[in-house]
Amino acid sequence: MPDWADGGPTDIDHLGGACGGHNRSVGPDRGQWETTILSAGDHAGRVAWRPAGSDDEWRVNILHHVGLLSEPDDPPRRGCLTYENYQQGA
């Protein structure tokens with residue numbers, strides 16, 4: 001992105017939606033999140049998240065994108081991205 005707190009721009013090409021709690025949890029420390037805008041693949045242009053400082057796979061928070069559940073019969077997922085549902089592939 002880079003994040004605004006790190007001197008990043010605030011133009012539309014560098015912004016992504018997040019709830020207030022997650023917006024404030026982006027940072028470099030353990031227990032925080034880092035973000036990027038994906039440049040390739042099925043989710044190109046979307047914001048992706050992973051635990052700060054990790055080499056984990058970047059993931060899109062499907063809870064905020066209608067129609068991204070993998071199967072029509074999947075149970076509805078509510079709430080925001082947590083480390084637990086991140087690990088489960090949410």
Side-chain angles (χ1 to χ4, degrees):
M1 295 214 2
D3 292 313
W4 175 82
D6 296 327
T10 58
D11 60 83
I12 194 66
D13 293 330
H14 294 90
L15 297 177
C19 66
H22 283 119
N23 185 50
R24 289 182 292 280
S25 70
V26 172
D29 299 324
R30 182 180 172 100
Q32 293 183 307
W33 296 93
E34 58 187 3
T35 60
T36 192
I37 297 175
L38 298 175
S39 59
D42 293 341
H43 299 297
R46 293 184 188 269
V47 175
W49 300 73
R50 69 180 179 189
S54 75
D55 291 329
D56 288 3
E57 174 184 348
W58 289 105
R59 295 201 180 157
V60 171
N61 186 356
I62 64 170
L63 299 171
H64 295 207
H65 300 284
V66 175
L68 291 185
L69 292 175
S70 59
E71 298 292 331
D73 294 330
D74 280 352
R77 299 176 183 167
R78 291 184 167 74
C80 295
L81 187 65
T82 64
Y83 189 76
E84 289 77 24
N85 64 27
Y86 171 90
Q87 292 295 86
Q88 295 169 6

Is there side-chain contact between V60 and L38, with heavy atoms separated by less than 4.5 Å? yes
Name all residues meeting the side chain to side chain donor-acceptor pair (under 3.5 Å) criterion together with D11; count only those two or more places apart in sequence or in a different chain, and write none if there are none. H14
All heavy atoms of D29 vs all of A52, minimum pair found to be O-CB, 3.6 Å
Cationic N near anionic O, under 4.0 Å, E34 to R50: yes
Can you find a heavy atom in the side chain of T36 that is under 4.5 Å from one in the side chain of W49? no
